[in-house]
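Shown next, in structure tokens, is the structure this report addresses.
This one's a predicted model, so the numbers in the text were calculated from it and none came from an experiment.
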Amino acid sequence: EEEETDEEKAERRRKRKKVAKIVLASILGVTAAVYLGFAFFFMSHFQFQTTINGTDHALESVSDVENYMKEQVAGYTLTLHESDGDTETISGSEIDLTYKKGEELEKLLKEQNAFLWPMSLWKAPEITASIGVEYDSAKLTGVLDGLACMKEENQQAPVSAIPEYNGTEFVVKKEETGSQINREVFEVKVSEYIAGFLPEMDMTEEECYVKPQFTEQSQEVIDACSAMNKYLTASITYTFGSSTEVVDKELISQWVKVDGNMSVTFDTD
């Protein structure tokens with residue numbers, strides 16, 4: 001075989017570089033085409049891993065999501081989790097729930113940056129949307145009134161934390177939450193959950209219950225305990241001839257009280 005000349009070697013290197021450039025250009029071209037293609041696609045569709053109100057709607061258009069919402073109306077039920085562990089439900093059919101086409105989904109779609117779609121591959125977009133629905137508000141009021149948790153006999157008022165004598169000193173007795181419904185908050189939260197087609201609502205987490213005025217963390221209760229314990233440090237001995245009577249913390253603890261504002265008072269009787 002003839003030995004390859006320097007010129008032939010150089011030509012072969014040039015050909016390899018040319019092929020490498022063509023391959024690289026092709027890869028970059030395909031990558032750019034894929035990137036721009038998805039960017040164009042995501043101008044009208046939700047990105048990878050997108051959830052709306054907890055449901056997967058990745059790669060779907062607004063009309064796809066709307067069709068899903070329409071299907072959910074017929075069988076929609078909101079389950080209420082109450083503080084005592086019981087559950088009650090409100091069904092869409094009870095309140096004449098119907099889907100109402102709105103502009104919020106279109107707005108949410110426009111808010112996503114189509115050119116940043118690669119980020120959705122590792123960071124899932126989570127969207128909370130108040131989807132348009134219509135229902136008979138009078139019927140919802142009637143349904144709420146009929147719930148067991150709304151019955152007066154099933155509601156226990158909250159009890160505030162208070163100073164309590166434990167035989168040695170006054171300490172804070174923890175508050176009792178109770179089960180009395182805050183009607184205004186409850187109605188607002190139920191409406192929000194129905195509007196979002198959310199299936200379950202924890203009434204405690206959503207603060208649907210009337211709160212006690214004072215809790216064990218309230219500074220007013222802590223200060224009251226401190227003031228009452230100062231009175232317990234007194235000790236007076238009364239002498240009646242050959243008899244004596246001692247007024248100490250055991251007796252004083254029965255006299256010092258707190259009023260509704262956690263101000264320390266005395267039981268004058």
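When all heavy atoms of S191 and L140 are compared, the closest pair comes out as OG-CD2, 4.2 Å. Scanning both residues, V190 and M201, for their nearest heavy atoms gives CG2-CE, 3.9 Å. Scanning all heavy atoms of the two residues, the minimum distance from V143 to I95 falls at CG2-CG2, 4.1 Å. Heavy atoms only, all atoms of each residue included: A224 and V264 are closest at O-CG2, 4.0 Å. Between L105 and V65 the shortest heavy-atom distance is CD1-CG1, 3.8 Å. Between L78 and L198 the shortest heavy-atom distance is CD1-O, 3.4 Å.
Looking only at side-chain heavy atoms (C-beta outward), L59 and F46 stay at 4.5 Å or farther from each other. In this structure the side chain of D84 never reaches within 4.5 angstrom of the side chain of S179, judged on heavy atoms. V221 is listed as a side-chain neighbour of S218, based on a closest heavy-atom distance under 4.5 Å. You'll find the side chain of P158 stays beyond 4.5 Å of the side chain of T177, heavy atoms only. Annotation: side chain of L108 is not in contact with side chain of I52 (no heavy-atom distance under 4.5 Å). Side-chain contact between Y209 and N182 is absent, with no heavy atoms from C-beta onward closer than 4.5 Å. Considering only heavy atoms from C-beta on, C149 stays 4.5 Å or farther from N154 through its side chain. In this structure, F42 and F48 have side chains that are in contact, with non-hydrogen atoms separated by less than 4.5 Å.
Between E104 and K107 no salt bridge is recorded (no basic side-chain N to carboxylate O distance below 4.0 Å). Under the 4.0 Å criterion applied to side-chain N and carboxylate O atoms, D202 and K189 are not assigned as salt-bridge partners. Between K110 and E106 there is no salt bridge, since none of the side-chain N atoms of the basic residue sits less than 4.0 Å from a carboxylate O of the acidic one.
Of the possible polar contacts, one joining the N229 side chain to the C225 backbone as a donor-acceptor pair under 3.5 Å is found. Listed for the E88 side chain is a donor-acceptor partner under 3.5 Å among the backbone atoms of A148.
Taking OH of Y68 as the start and CG of D56 as the end, the distance is 10.0 Å to the nearest 0.5 Å. With rounding to the nearest 0.5 Å, the separation of CD1 in I181 from CD in Q155 is 5.0 Å. Atoms NZ and OG, from K211 and S160 in turn, are 12.5 Å apart once rounded to the nearest 0.5 Å. In this structure, OG1 on T215 lies 7.5 Å from NZ on K174, to the nearest 0.5 angstrom. Separating the CD1 atom in I90 from the CG atom in L147 is a distance of 5.5 Å, to the nearest 0.5 Å. Here I22 contributes atom CD1 and L24 contributes atom CG; the two are 11.0 Å apart, rounded to the nearest 0.5 Å.
D145 pairs with exactly one of K139, R183, K151 by the salt bridge (charged side-chain N to carboxylate O under 4.0 Å, His left out) rule, that one being R183.
With sequence neighbours excluded, no residue forms a side chain to side chain donor-acceptor pair (under 3.5 Å) with E220. For T87, the side chain to side chain contact (heavy atoms under 4.5 Å, CB included) partners are T79, H81, not counting sequence neighbours. Annotation: side chain to side chain contact (heavy atoms under 4.5 Å, CB included) contacts of K123 (sequence neighbours excluded): none. Under the ring pair (Phe, Tyr, Trp, His ring centres under 6.0 Å) criterion, Y135 pairs with no residue at all, not counting sequence neighbours.
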Note to self: Checking M228 against V258 for the side chain to side chain contact (heavy atoms under 4.5 Å, CB included) test, could you report, in this order, the C-alpha distance in whole Å, the side-chain angles of both residues, the deciding distance, and whether it holds?
What the structure shows: CA-CA 9 Å; M228 295 168 81; V258 287; 3.7 Å; yes
Margin query: Go through it in stages, so that I can follow the logic: the residues are M262 and F214, the test is side chain to side chain contact (heavy atoms under 4.5 Å, CB included), and I'd like the CA-CA distance, side-chain angles, deciding distance and then a yes or no.
Written below: CA-CA 9 Å; M262 286 297 149; F214 299 105; 3.7 Å; yes
Next item on the list: Determine, stepwise, if the pair M43 / F115 fulfils side chain to side chain contact (heavy atoms under 4.5 Å, CB included).
Entry: CA-CA 9 Å; M43 289 180 181; F115 292 98; 3.7 Å; yes
Next item on the list: Go through the steps to decide whether F266 and Y231 satisfy the test ring pair (Phe, Tyr, Trp, His ring centres under 6.0 Å), and finish with yes or no.
Entry: CA-CA 11 Å; F266 291 90; Y231 287 117; 5.0 Å; yes
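Residue E184 qualifies as open at atom CD: its count of foreign heavy atoms under 6.0 Å is 12 or below. Annotation for E103: atom CD does not count as buried by contact number, only 12 or fewer foreign heavy atoms lying within 6.0 Å. More than 12 heavy atoms of other residues, nucleotides or ligands lie within 6.0 Å of CD in E153, so this atom counts as buried by the packing criterion.
Under the 4.5 Å side-chain contact rule for hydrophobic residues, M119 and L109 do not share a cluster.
Ring geometry for W117 against F38 counts as tilted: the plane angle lies between 30° and 60°, on a 0 to 90° scale.
Between the side chains of Y193 and E200, no donor-acceptor pair of N or O atoms lies under 3.5 Å. Of the N and O atoms on the side chains of S61 and D64, at least one donor lies less than 3.5 Å from an acceptor on the other residue. Side-chain atoms of S63 and E66 include no donor-acceptor pair closer than 3.5 Å.
Every pair passing side-chain hydrogen bond (donor to acceptor under 3.5 Å, both in side chains) that includes a residue from residues 250-261 is listed here, sequence neighbours excluded: Y165-E250. Residue pairs meeting the side-chain hydrogen bond (donor to acceptor under 3.5 Å, both in side chains) criterion with at least one member in residues 24-51, sequence neighbours excluded, do not occur.
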